[in-house]
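Have a look at the structure below, then the notes.
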Amino acid sequence: MLRDEFSELEMQRLNKLEQMRANGMEPFPTRSYKNCSNAEAIAAFEKAEAGSFEEPVEVVLAGRLRAIRNMGKLSFAHIEDRTGKVQLLLRVNEIGEEKLEEFVRYYDLGDFIEVQGEMFRTRRGEVTLQVQDFRMLAKALLQLPADKDETVDGEIIRHAQLTDPETRYRQRYVDLAVNPDVREIFKIRAQTIKALREFLDERGFLEVETPILQPIYGGAAAKPFTTYHNQLHQQLYLRISFELYLKRLLVGGFDRVYEIGRDFRNEGVSFKHNPEFTQLEFYMAYADYMKIMEITEQMVAQVAQKVLGTMKIQYNGQEIDLTPPWNRMQIRQGLIDHAGIDIQGYPDAESLEAVMKEKNISFKPGISRGKLINTLMDTFLEPILIQPTFLYDYPRDISPLAKAKPEDPTTVERFEGYIGGMELCNAFTELNDPLDQEQRFLEMGHTYSEDEEERNPMDEDYLRAMAYGMPPNGGLGLGVDRFVMLLTGQHTLREVILFPHLRDADQDVRKP
RNA sequence: GGGCGCGUAGCUCAAUGGUAGAGCAGCGGCCUUUUAAGCCGUUUGUUGGGAGUUCGAUCCUCCCCGCGCUCACCA
């Protein structure tokens, strides 16, 4: 029971609530008559002020009490709504002694209240509501973390603000309630997703939704979460990508499609990995990976421009310029330049392993040539790719859904976009030859042992779809959370995901 | 999963082998234009949980839980 866990402080608030009820005041009334936002009220007053006050600005405002300064015969307070804060002034000769005492006695920081009155400007110059009447909208029984602002030379200094990451993530509602800059991150996130949609919609892409519960997973190298449908006695997987379903739609005649949604990967958690994350994938018929590169850099730049008003972002203390065109680096050349290894000279895993060993490069023994090359990229290229860069031309064996280069069957037309030393997106000229695709599935089956969960299972229906004819196309997957990290200057995914994955809290969540 | 670090009041933090303090929040009082309001007074804690060493542990040891960083894994 909530009540049994209350501390002394919380019991005090509960007592206030009960006293209010006993005195005929409802602490949780059903309706509010708020008729304008805080920001609108201030704007309306400033407009009236500029125009000589023909009519007083009378409003009903509502919001959460964020500051109270009782001064005997008057009280100042701030309430906050979605648009910001506004100051209240409660004066005894405006509302009467009884009303003022009611405020002082029953109202606490964190309560939601409704106030009615007239806007004016105080001696210190703050646009303020002269309160004529007020009432409780929702009593807060728990205390929000103390937090106060101080303005020094126009700079806002925050005192004792909530910073404990565990409380912030587990009780995100508290974090949001007291940290406006956290709310700002999620506004930018929403705008980013909206801008991505607008970019694709403008170009004739159709937004679709495909299954999250899939009988066969695929489209990426990752371990899936498993689940089970009781009625149908069916083993199901939470999708690790949208790819195989979206490309089926190209067969169906939707030749430009995209989906923004959640992927699930049963793997480690890190600053750039969360078990569920938001992905954008799009597929475009009659485009190859070079065309997709151009669209990608335009898309990212345009979204940044729309959301931030600039294509230059600050990240890790460096300025990153998203303006197209981005750098392009062929993997072979990049590794010659930065690792001193020409992978073309090492056509199999054994020879490549040997030269890596010689150069004291650590790697997991026994992996394929493609994975060794991937290791080289992670070691030598990824960390240095701060400015936006497309790494392109990947080994065939780690890219089972990408089309081989016509002149080099060991290499596929694939690229990844890197920004700030982090992979942002992955794309290729999609394989549309069903016979080749079948061969790739078979190879994957051989490369991975039966118990390896990340092997791509054969998807017969996907092959059949392709056999009906799939237009040549290019596709892209972009990590939306990582993109938002870049746009908001955050260094961990947890800061851009409202409720990031955490371990079980096996105790009272308020005292972990 | 491995390594390292951390966990003290609602929040931010301090302290010591002798069962803990500050500011803010809270409570009581004064105060009619304040804004980290101010002034006077005052309360708060199983020091994450459990076990051990010790006359005595918040501090030392071990186990567990959680958080962070990092490596592994992973696009």
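Throughout, protein chains are lettered first and strands after them, A, B, ... in sequence-line order, and every chain is numbered starting at 1.
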For the side chain of [X], starting at C-beta, report the closest nucleotide among [options].
X: A:Asn93; options: B:G68, B:G66, B:U32; result: B:U32
X: A:Thr128; options: B:C27, B:U35, B:U34; result: B:U34
X: A:Leu74; options: B:G26, B:U32, B:U35; result: B:U32
X: A:Thr163; options: B:U32, B:C13, B:U34; result: B:C13
X: A:Arg124; options: B:U35, B:U32, B:G68; result: B:U35
X: A:Thr167; options: B:G26, B:U33, B:C11; result: B:C11
X: A:Lys371; options: B:U33, B:A36, B:C74; result: B:C74
X: A:Pro165; options: B:G68, B:C74, B:C24; result: B:G68
X: A:Leu162; options: B:G68, B:U33, B:C11; result: B:C11

Only pairs with both distances under 3.5 Å count, Watson-Crick or wobble alike; so what is the partner of [N] in this structure?
N: B:A20; answer: none
N: B:A14; answer: none
N: B:G41; answer: B:C27
N: B:G66; answer: B:C6
N: B:U35; answer: none
N: B:U61; answer: B:A51
N: B:G56; answer: none

Without decimals, in angstroms, what is the distance between [X] [atom1] and [N] [atom2]?
X: A:Phe103; N: B:U34; atom1: CZ; atom2: C1'; value: 13 Å
X: A:Arg168; N: B:U12; atom1: CZ; atom2: P; value: 11 Å
X: A:Leu9; N: B:G45; atom1: CG; atom2: P; value: 11 Å
X: A:Phe76; N: B:A37; atom1: CZ; atom2: P; value: 12 Å
X: A:Leu144; N: B:A9; atom1: CG; atom2: C1'; value: 17 Å
X: A:Phe271; N: B:C67; atom1: CZ; atom2: P; value: 19 Å
X: A:Lys223; N: B:G1; atom1: NZ; atom2: C1'; value: 12 Å
X: A:Leu502; N: B:C67; atom1: CG; atom2: C1'; value: 9 Å

Can you check the distance between [N] and [M], where both ends of the measurement are the [atom1] atom (answer in whole Å)?
N: B:A9; M: B:A51; atom1: C1'; answer: 26 Å
N: B:C40; M: B:C59; atom1: C1'; answer: 36 Å
N: B:A22; M: B:U43; atom1: C1'; answer: 15 Å
N: B:U53; M: B:A57; atom1: C1'; answer: 10 Å
N: B:U42; M: B:C4; atom1: C1'; answer: 43 Å
N: B:U44; M: B:A37; atom1: P; answer: 25 Å
N: B:C13; M: B:C55; atom1: P; answer: 37 Å
N: B:C60; M: B:A14; atom1: P; answer: 16 Å

Reckon [X] has a side-chain N or O less than 4.0 Å from the OP1 or OP2 of [N]?
X: A:Lys272; N: B:C73; value: no
X: A:Arg503; N: B:C67; value: yes
X: A:Lys148; N: B:A25; value: yes

(request) Would you mind checking if A:Arg503 and A:Glu166 are paired as a salt bridge, meaning a charged N to carboxylate O distance below 4.0 Å? (result)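 Looking at A:Arg503 together with A:Glu166, the answer is no, because their closest N to O distance does not fall below 4.0 Å.
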
(request) Run the salt-bridge test on A:Arg239 and A:Glu281 with the 4.0 Å N-O cut-off and return the result as yes or no. (result) no

(message) For A:Asn426 and A:Thr492, find the nucleotide of RNA chain B closest to each by heavy atoms; which residue's nucleotide sits nearer the 5' end?
(response)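 Closest to the 5' end, via its nearest nucleotide, is A:Thr492.
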
(message) By nearest heavy atom, map A:Arg494 and A:Arg91 onto RNA chain B; which one lands nearer the 5' end?
(response)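 Checking each residue's closest nucleotide, the 5'-ward one belongs to A:Arg91.
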
What protein N or O atoms touch nucleotides 29-31 of chain B N or O atoms at under 3.5 angstrom, if any, and at what distances?
residue	atom	partner	partner atom	Å
B:C31	N3	A:Gly72	N	3.3
B:C31	N4	A:Gly72	N	3.2

Which part of the nucleic acid does [X] contact within heavy-atom distance under 4.0 Å: base, sugar-phosphate only, or nothing?
X: A:Lys85; result: nothing
X: A:Gln12; result: sugar-phosphate
X: A:Glu416; result: base

(message) Going by salt bridge (charged side-chain N to carboxylate O under 4.0 Å, His left out), name the residues that satisfy it together with A:Glu114, two or more places apart in sequence or in a different chain.
(response) A:Arg135

(message) Run the salt bridge (charged side-chain N to carboxylate O under 4.0 Å, His left out) test against A:Glu294 and tell me which residues pass, sequence neighbours left out.
(response)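 For A:Glu294, no residue satisfies salt bridge (charged side-chain N to carboxylate O under 4.0 Å, His left out) once neighbours in sequence are set aside.
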
Can you find a donor-acceptor pair, distance only, under 3.5 Å between [X] side chain and [N] base?
X: A:Gln161; N: B:U12; value: no
X: A:Arg69; N: B:U34; value: yes
X: A:Thr122; N: B:U34; value: yes

(message) Cation-pi check for A:Phe428 against A:Lys403: NZ or CZ below 6.0 Å from the six-membered ring centre and within 45 degrees of the axis, yes or no?
(response)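 That pair does not qualify as a cation-pi contact.
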
(request) Flag yes if more than 12 heavy atoms outside A:Lys291 fall under 6.0 Å of its NZ atom; otherwise flag no. (result)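 No - once you tally the heavy atoms of other residues, nucleotides and ligands closer than 6.0 Å, there are 12 at most.
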
If we count only N and O atoms by modelled type, under 3.5 Å, do the side chains of [X] and [Y] hold a donor and an acceptor together?
X: A:Gln116; Y: A:Gln132; answer: yes
X: A:Lys139; Y: A:Tyr106; answer: no
X: A:Thr210; Y: A:Glu259; answer: yes
X: A:Tyr418; Y: A:Asn327; answer: no

(request) Mind telling me whether A:Trp326 and A:Phe390 have parallel, tilted or perpendicular rings, with 30° and 60° as the class edges? (result) parallel

